[in-house]
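Beneath this line is the structure, given in structure tokens, with notes to follow.
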Amino acid sequence: MSLVEIKGLTKKFGNFTALDDVNLSMNKGEIFGFIGPNGAGKTTTIRIMLGLLKATKGEVKIFGKDAWKDAVEIHKRVAYVPGEANLWPNLTGGEVIDLFLKMRGGGDRSKREELIKRFDLDPAKKCGTYSKGNRQKIALIAAFSSDADLYLLDEPTSGLDPLMVRVFQECVMEVKAAGKSVLLSSHILSEVEKLCDRIAIIRKGKIIETGTLSEMRHLTRNKLTIKTKEPVVSLDEIKGVHNIQEHDGELSFQVDTEEIDGVIRFLSQFGIVKLESAPPTLEDLFLRHYTRAEHADSQVGGR
């Protein structure tokens, strides 16, 4: 059975549809990437999963329990990090971490101390003096010090510097190694690409693609960079070749994955000296999906 099962989830605020028939499932022990731009519906989905919002339609089950009716039971096994941690300004960072851990039954004190050092946090300062990044560190330390089965992380690296982002990524991999599950909601594609086993792309409240990165990559293009003994002619006429650019005697272009064999055969006649191939990034895939969807919207709107 799936750890998280979302079926036909719809959420309306008045006439505005924030979520439209969302279907997702998440397995035990996986890191699941939930990506889309700000306003796509990621946070609304997570708030419904936490029982903070009631769905207009559909079913949300976590650990086999109903997210709205059994929210108290579910919360005992879930750690949540929001994208904007609002803390008590007159409490110190250490006091807030302790308060969060106490609410969860105590947590792991040695893990707390270790994470305070790794995240380079001064726990003696009052929260009102902390930067956004330091407030985010407190939420992350409290979450990763607790023994949760599911971590719901909503834009968790907002405000963190690159060094702290790396510490965060290490923590995610450590909880995965311990058999825990992570839902990572983000618009930072490189972060999701590095960590996640499976990904769902959400746009305007609808899921437009779900799968592993390798499954999704077949839908897009590889980037090739080549250098040849003789000038390449008529490359723009070859099927599957896009966005040709020339720089310092090298050609770079994108190739539809299913056409790579034919393109390489064509190029070989010019005497290949150098050939580099890079798989499409999640960003490539994301932009292609969005461009395609926006084109479809404009076509519908133009009728």
Side-chain angles (χ1 to χ4, degrees), residues 30-38 42-43 45-47 49-50 52 74-196:
E30 84 173 340
I31 303 173
F32 191 94
F34 194 35
I35 66 170
N38 294 327
K42 303 186 300 296
T43 297
T45 304
I46 289 174
R47 285 180 177 161
M49 290 172 72
L50 287 165
L52 302 175
I74 290 168
H75 282 204
K76 292 174 184 175
R77 298 172 61 188
V78 171
Y80 167 56
V81 176
E84 182 69 54
N86 293 311
L87 308 173
W88 297 271
N90 291 323
L91 294 182
T92 67
E95 287 169 340
V96 170
I97 293 167
D98 290 342
L99 179 61
F100 283 145
L101 291 180
K102 196 172 182 182
M103 288 162 69
R104 293 194 52 78
D108 185 333
R109 294 290 301 182
S110 61
K111 187 71 176 171
R112 169 196 184 275
E113 299 307 317
E114 177 207 328
L115 287 168
I116 284 172
K117 284 181 185 170
R118 285 171 69 183
F119 278 103
D120 193 24
L121 178 77
D122 181 353
K125 285 187 176 178
K126 289 198 172 181
C127 290
T129 68
Y130 281 136
S131 65
K132 176 175 169 54
N134 278 326
R135 292 197 303 273
Q136 208 61 26
K137 288 178 188 180
I138 290 168
L140 288 166
I141 290 165
F144 288 123
S145 296
S146 62
D147 186 26
D149 292 313
L150 173 63
Y151 294 81
L152 296 178
L153 310 178
D154 189 6
E155 303 282 355
T157 59
S158 177
L160 295 186
D161 65 46
L163 195 61
M164 293 301 108
V165 170
R166 192 179 301 167
V167 174
F168 160 76
Q169 291 171 348
E170 289 167 0
C171 290
V172 170
M173 296 311 289
E174 285 162 14
V175 297
K176 183 191 177 181
K180 314 294 188 178
S181 309
V182 179
L183 178 79
L184 174 58
S185 165
S186 182
H187 67 278
I188 303 170
L189 304 177
S190 58
E191 186 170 87
V192 174
E193 189 167 27
K194 192 172 288 185
L195 293 171
C196 296

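Everything numeric here is computed off the predicted structure, so don't read it as measured data. The first residue in the sequence is number 1, and the count goes up from there.
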key: Sequence-distant partners of T43, side chain to side chain contact (heavy atoms under 4.5 Å, CB included), two or more places apart   = R47, D154

query = How many angstroms lie between atom CG of L121 and atom CE of M164, to the nearest 0.5 angstrom?
reply = 10.0 Å

Gap between atom CE of M173 and atom NZ of K194 - 0.5 Å precision = 11.0 Å

request  = Could you go through the side chain to side chain contact (heavy atoms under 4.5 Å, CB included) check for Q169 and T157 one step at a time?
outcome  = CA-CA 9 Å; Q169 291 171 348; T157 59; over 6 Å; no

inquiry  = For a quick test of reading the model, state the closest non-hydrogen atom pair linking C127 to I138 and the distance between them.
reply    = SG-CD1, 4.0 Å

request  = Just jot down the side chain to side chain contact (heavy atoms under 4.5 Å, CB included) partners of K111, sequence neighbours excluded, or say none.
outcome  = D108, E114, L115, R118, S145, E174

key: Nearest non-hydrogen partners of L140 and P156, listed with the distance   = CD1-O, 3.8 Å

ask   = Does NZ belonging to K132 count more than 12 external heavy atoms closer than 6.0 Å?
value = yes

Salt bridge (Lys or Arg N to Asp or Glu O under 4.0 Å) partners of K137, counting only residues at least two apart = none

Under 3.5 Å: donor-acceptor pair, side chain of R135, backbone of L87 = no

ask   = How long is the gap from CD on E193 to OG on S186, to the nearest 0.5 Å?
value = 12.0 Å

task = Applying side chain to side chain contact (heavy atoms under 4.5 Å, CB included), run through L163 and D120 and close with a yes or a no.
result = CA-CA 10 Å; L163 195 61; D120 193 24; over 6 Å; no

inquiry  = To check you understand the geometry: which heavy-atom pair defines the closest contact between A142 and I97, and what is its length?
reply    = CA-CG2, 4.4 Å

task = Could you list the residues that satisfy side chain to side chain contact (heavy atoms under 4.5 Å, CB included) with E113, not counting sequence neighbours?
result = R109

query = So, do F144 and Y151 have ring centers that fall under 6.0 Å from each other?
reply = yes

task = Ignoring hydrogens and angles, tell me if any N or O in the side chain of K42 forms a donor-acceptor pair with the backbone of F34 under 3.5 Å.
result = no

query = For the residue pair A85 and P82, what are the closest heavy atoms and their distance?
reply = CA-CG, 4.3 Å

inquiry  = How close do I35 and V192 get, counting heavy atoms only, and between which atoms?
reply    = CG2-CG2, 3.4 Å

ask   = Which distance, rounded to the nearest 0.5 Å, do you find between the CG of L195 and the CD of E170?
value = 10.5 Å

task = Please answer whether the main-chain N or O of V172 pairs with a side-chain N or O of K180 as donor and acceptor at a distance below 3.5 Å.
result = no

request  = With side chain to side chain contact (heavy atoms under 4.5 Å, CB included) as the test, would you mind laying out the steps for V81 and Q136 before giving the verdict?
outcome  = CA-CA 8 Å; V81 176; Q136 208 61 26; 3.7 Å; yes

message = Once salt bridge (Lys or Arg N to Asp or Glu O under 4.0 Å) is applied, do any residues pair with E191, and if so which ones, sequence neighbours excluded?
response = none

request  = May I ask you to decide whether K126 forms a salt bridge with E95, counting only side-chain N to carboxylate O separations under 4.0 Å?
outcome  = no

Separation between OG of S146 and CG of D149, rounded to the nearest 0.5 Å = 10.0 Å

inquiry  = Using the rule given for side chain to side chain contact (heavy atoms under 4.5 Å, CB included), can you reason through V78 versus M49, listing the C-alpha separation, both sets of side-chain angles and the distance that settles it, and then say yes or no?
reply    = CA-CA 10 Å; V78 171; M49 290 172 72; over 6 Å; no

key: Partner set under salt bridge (Lys or Arg N to Asp or Glu O under 4.0 Å) for D122, not counting sequence neighbours   = none

message = Give me the atom names and distance for the closest heavy-atom approach of E155 to N38.
response = OE2-OD1, 3.9 Å

key: Pairwise distance OG1(T92) to CG(L99) - rounded to 0.5 angstrom   = 10.5 Å

